[in-house]
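Working notes for the structure below.
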2 protein chains.
Amino acid sequence: MKVAPPARKTLDQVARYADMFSAMGTEPRLRIMQLLLSAHPAGLVVGDIQEEVDIPNSTLSHHLEKLKSEGLVNVRRESTFLRYTANTEALQELLRFLYSECCTRNQALKPEEIIRICK
Amino acid sequence: MKVAPPARKTLDQVARYADMFSAMGTEPRLRIMQLLLSAHPAGLVVGDIQEEVDIPNSTLSHHLEKLKSEGLVNVRRESTFLRYTANTEALQELLRFLYSECCTRNQALKPEEIIRICK
DNA sequence: TCTATATTTCTGCAATTATCGAAATATGAA
DNA sequence: TTCATATTTCGATAATTGCAGAAATATAGA
């Protein structure tokens, strides 16, 4: 008996989450996300990030472009500065997805292993 | 005033989580993880996975190698078959890390946006 | 106002590195 | 040996990195 293949829409969703994971899938970019979350909601300008990551500025710029294009960060200009902030809606979606896959849709992990329920 | 840089150990941890995100950072590999979680704890043999993912078998093999090398799956031989299973310990670590960064260490997201607390 | 200069960050391109897939190889069972 | 399952090898294609230069904005001085 053949099982129905996953809906197109579902596969698109998975592809989108995969792209987000990929965006967080290098040490510099994951570190950048940590910094932006620490500075949330104010965010950081590029120069502030630059001081923390020890990579050339053009490389940093490429990394920020990647995070932006996958929707994990937002940017706005402040005169000559560009201020980056974590996109919490996107992170929430991604975290819910991972939590759901591991703990809800399948019961591979127990919720209480991740989070203290009812402190 | 200068802030102390992150400890070496901490950066290594971040690099490891980044590698795990990278391993889940393509549609086929994320799909494979979904399949293995759905089939947990029994797991699946390569042929079973092959039927679901519509990619050449050599490519599938490369993807499985990547997931294995980042510790997201375990493998054991069953005669001529290789049976892959999700490594729930690794997934738990990764999920805890992401949850912690978003909801605990920084309060960028509210826990109740991810999980129903106290059903 | 116009020009020059300084500051911040991005973009273009070339070298390196990683990924994909066809063909060949390995592994185990009968 | 032969068949079935899955990996490994290796060349072609694509992505990443970082240097050099450009773009955007602000400010000062003529």
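Convention: sequence-line order gives letters A, B, ...; per-chain numbering from 1.
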(request) Scan nucleotides 16-23 of chain D nucleotide by nucleotide, 5' to 3', and note B when protein non-hydrogen atoms come under 4.0 Å of the base, S if they reach only the sugar-phosphate, - if neither. (result) -BBBB---
(message) Protein within reach of the bases, or only the backbone? For nucleotides 25-30 of chain C, mark each nucleotide 5' to 3' as B, S or -, using heavy atoms under 4.0 Å.
(response) ---BS-
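Put simply, CG on B/L60 is 11 Å from P on C/dC20, counting in whole angstrom units. When rounded to the nearest whole Å, the span between CG of B/D54 and P of C/dG21 equals 10 Å. When rounded to the nearest whole Å, the span between CD of B/Q50 and C1' of D/dT7 equals 13 Å. One atom, CD of A/E78, and another, C1' of C/dT8, lie 13 Å apart when rounded to the nearest Å. One atom, CD of A/E65, and another, P of C/dG12, lie 11 Å apart when rounded to the nearest Å. In this structure, the CZ atom of A/R76 is 17 Å from the C1' atom of D/dT25, given to the nearest Å. If you take CZ of A/F81 and P of C/dT8, they are 5 Å apart, rounded to a whole angstrom. In this entry the distance linking CG of B/D19 with P of C/dT19 reads 11 Å, nearest Å.
For DNA chain D, none of the residues of residues 40-49 of chain A falls under the heavy-atom distance limit of 4.0 Å.
The CD atom of A/Q50 sits 10.5 Å away from atom CD of A/E52, with the distance rounded to the nearest 0.5 Å. Here the CG atom belonging to A/L11 is positioned 8.5 Å from the CD atom belonging to B/Q34, to the nearest 0.5 angstrom. With rounding to the nearest 0.5 Å, the separation of CD1 in B/I32 from CG in B/L72 is 11.0 Å. The structure places CD of A/E113 at 12.0 Å from SG of A/C102, a figure rounded to the nearest 0.5 Å.
Taking the charged nitrogens against the carboxylate oxygens, A/D12 and A/R8 do have a contact shorter than 4.0 Å, which makes a salt bridge. Using a cut-off of 4.0 Å between Lys/Arg side-chain N and Asp/Glu carboxylate O, A/R96 and A/E93 are scored as not salt-bridged.
The heavy-atom pair separating B/P111 from A/I115 by the smallest distance is CB-CD1, 4.4 Å.
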(request) Determine, step by step, whether A/L98 and B/M24 satisfy the side-chain contact (heavy atoms from CB on, under 4.5 Å) criterion, reporting the C-alpha distance in whole Å, the side-chain angles of both residues, the deciding distance to 0.1 Å, and the verdict. (result) CA-CA 11 Å; A/L98 187 58; B/M24 296 205 297; 4.1 Å; yes
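Under the side-chain hydrogen bond (donor to acceptor under 3.5 Å, both in side chains) criterion, B/H40 pairs with no residue, sequence neighbours left out.
The ring pair (Phe, Tyr, Trp, His ring centres under 6.0 Å) analysis of residues 67-98 of chain B, with sequence neighbours excluded, yields the pairs B/Y17-B/F97.
Side-chain atoms of A/N106 never come within 3.5 Å of backbone atoms of A/A108 as a donor-acceptor pair (strictly under, hydrogens ignored). A distance-only check finds no donor-acceptor pair linking the side chain of B/N74 to the backbone of B/T85 [under 3.5 Å]. Within the 3.5 Å criterion, the main-chain N or O of A/S100 finds no donor-acceptor partner in the side chain of A/R105.
In this model, the phosphate group of C/dC10 is approached by a side-chain N or O of A/Y84 to a distance below 4.0 Å at OP1 or OP2.
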(request) Whenever both distances are under 3.5 Å in a Watson-Crick or G-U wobble pair, mark it; put DNA chain C into dot-bracket that way, with [ ] for crossing pairs and | when the partner is on another strand. (result) ||||||||||||||||||||||||||||||
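In this structure the side chain of B/L91 reaches within 4.5 angstrom of the side chain of B/M33, judged on heavy atoms.
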